[in-house]
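Written out below as structure tokens is the structure these notes cover.
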Amino acid sequence: MPLDPRLVEDIALRLRQAQRILVVSHIRPDGDAVGSVLGWSLSLRAAGKQVTSGLADGVPGSFRHVPGSDRVRRRPEGPFDLVCVVDCSDPLRVGEVYPGAAAPDINIDHHVTNLNYGRINLVVPQAVATAEILADLIQALDLPLTQDAASALLTGLLADTLGFRTSNMTPKALRLGADLMERGAHLPELYRQALHRHSFEALRYWGCGLGQLQRQGKVAWTCLTLEHRQAVGYPGRDDADLINMLSTVEDIDIVIMFVEQGSQRVKVSWRSQPGIDVSKIALAFGGGGHPAAAGAEISGGLAEVQQRVLAATFALDEQAHPARDGEDYISIPSGSEPDL
Ligand code: 5GP
Ligand code: MN
């Protein structure tokens, strides 16, 4: 679907009036947040603007190879003529990089839970990544799409689609991948860096979570505690992408990851099979996300948060499959198993 031409015109006008531009995204940034901030910043910079890129938590080690990441500031100093927030559904998630109370000029995002908090809101939930919207916008505004900008945007596209394989994938997104390759982005290397490379500490951290994996019916979950993080020396506050590994468990509707954050807070991530919308639960807990991938940071101790979240998740799964009674107990009569 093409971008709304009125919104494109509004953005073009604001960009023409601005010289010093701040581009930011959310705390604990993922590949789409990093790729979108950097791709958009690089394109605007190539168009002659003075651009500052900001991320409250900086660029995670796994994305430091993305062009432009060395120029990201955690506490950018203004003043700025224009503030643009990308890939962030809630202004409070921007963190201290930019005071959330003030409405940013432009909010560009693909989360269905976006709160439309900008003066201009370009929100396209059909887009598989914010990087996809930005690639369309760069083309619509006739801005330069350099090799570096293409590499950053392809990183965002790969990260949010887990390498073009999520259930929301579209032919358009696949074509965009090819377009970005034609601009010089190196798909195999960006794929490896974004999705197929983990630190030694991250894999040991996975071991802690995998060792505690539990399931009830079609819901599986595990947790990572502060003790786990300390024991393996994992430096981040995230789950080191363990949730994507958990979502490969067969015959499960929903997987949940609990990551203890200290100060009585827990980061929760949900992933679901098509047809089960976990963004609703995330929103109810003060977070947000997509139908098949959502998250929230919830106040409370680990055990208490687990109990509340599991109860809400079992209820959602039950709604999705009201007629499943007893399904878990169906067994194949002996002697009828196929020879494998
Ligand atoms: P993850 O579980 O990998 O952190 O995030 C999954 C999706 O949910 C991402 O699109 C992410 O931006 C969104 N998300 C995760 N945590 C939060 C949160 O606390 N608030 C909001 N609004 N969105 C979140
Ligand atoms: Mn995204």
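We count ligands from 1, going down the list as the structure has it; atoms in each ligand are counted the same way.
Counting heavy atoms only, Arg271 comes closest to atom 5 (O) of ligand 1 of the residues His26, His110, Arg271, Glu297. Distances from atom 4 (O) of ligand 1 to the heavy atoms of Arg28, Lys267, Met257 put Lys267 nearest. Nearest residue to atom 2 (O) of ligand 1 from Ala282, Gly295, Ser269 is Ser269 (criterion: closest heavy atom).
Set against the non-hydrogen atoms of Gly287, the atoms of ligand 1 under 4.0 Å away are 18 (C), 20 (N), 21 (C), 22 (N).
Salt bridge annotation for Glu260-Arg229: absent, with no cationic side-chain nitrogen under 4.0 angstrom from a carboxylate oxygen. Salt bridge Arg6/Glu9: absent, no basic N to carboxylate O contact under 4.0 Å. Ionic pairing of Asp105 and Arg14 is present here: one or more N-O contacts between side-chain nitrogen and carboxylate oxygen are shorter than 4.0 angstrom. Salt-bridge formation is not detected for the pair Asp148/Arg45: no Lys NZ or Arg NE/NH1/NH2 atom is positioned less than 4.0 Å from an Asp or Glu carboxylate oxygen.
In the hydrophobic clustering of ILVMFWY residues, with side-chain heavy atoms under 4.5 Å counting as a link, Leu302 and Val219 come out together.
For atom 13 (C) of ligand 1, the closest non-hydrogen atom on the protein side is Gly288 O, 3.6 Å. Of the protein's non-hydrogen atoms, Ser89 OG, 2.9 Å is the one closest to atom 22 (N) of ligand 1. When only non-hydrogen protein atoms are considered, atom 7 (C) of ligand 1 lies nearest to Ala293 O, 3.4 Å.
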Quiz item: Hey, mind stepping through Glu201 and Arg204 against salt bridge (Lys or Arg N to Asp or Glu O under 4.0 Å) and telling me if it holds?
Solution: CA-CA 5 Å; Glu201 290 75 18; Arg204 295 228 303 144; over 6 Å; no
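Taking both residues in full, the closest heavy atoms of Thr248 and Met245 are given as OG1-O, 2.6 Å, listed atom of the first, atom of the second, then distance. Across Ala131 and Ser36, no two heavy atoms sit closer than the pair N-OG, 3.3 Å.
Taking backbone and side-chain atoms together, Asp87 has an N/O/S atom less than 2.8 Å away from the Mn ion (ligand 2). Contact annotation: His110 places an N, O or S atom under 2.8 Å from the Mn ion (ligand 2). Inclusion of Asp109 in the first shell of the Mn ion (ligand 2) is not supported: no N, O or S atom falls under 2.8 Å.
Between Arg93 and ligand 1, an N or O atom pair is found at a separation short of 3.5 Å. Ligand 1 has a nitrogen or oxygen under 3.5 angstrom from a nitrogen or oxygen of His290. Residue Trp270 has no N or O atom closer than 3.5 Å to an N or O atom of ligand 1.
Within Asp160, OD2 is the N, O or S atom that lies nearest to the Mn ion (ligand 2).
Checking Arg28, Lys267, Arg93 one by one against Glu297, the salt bridge (Lys or Arg N to Asp or Glu O under 4.0 Å) holds for a single residue, Arg28.
Using a 4.0 Å cut-off between heavy atoms, His111 contacts ligand 1 through its side chain alone, with no backbone atom that close.
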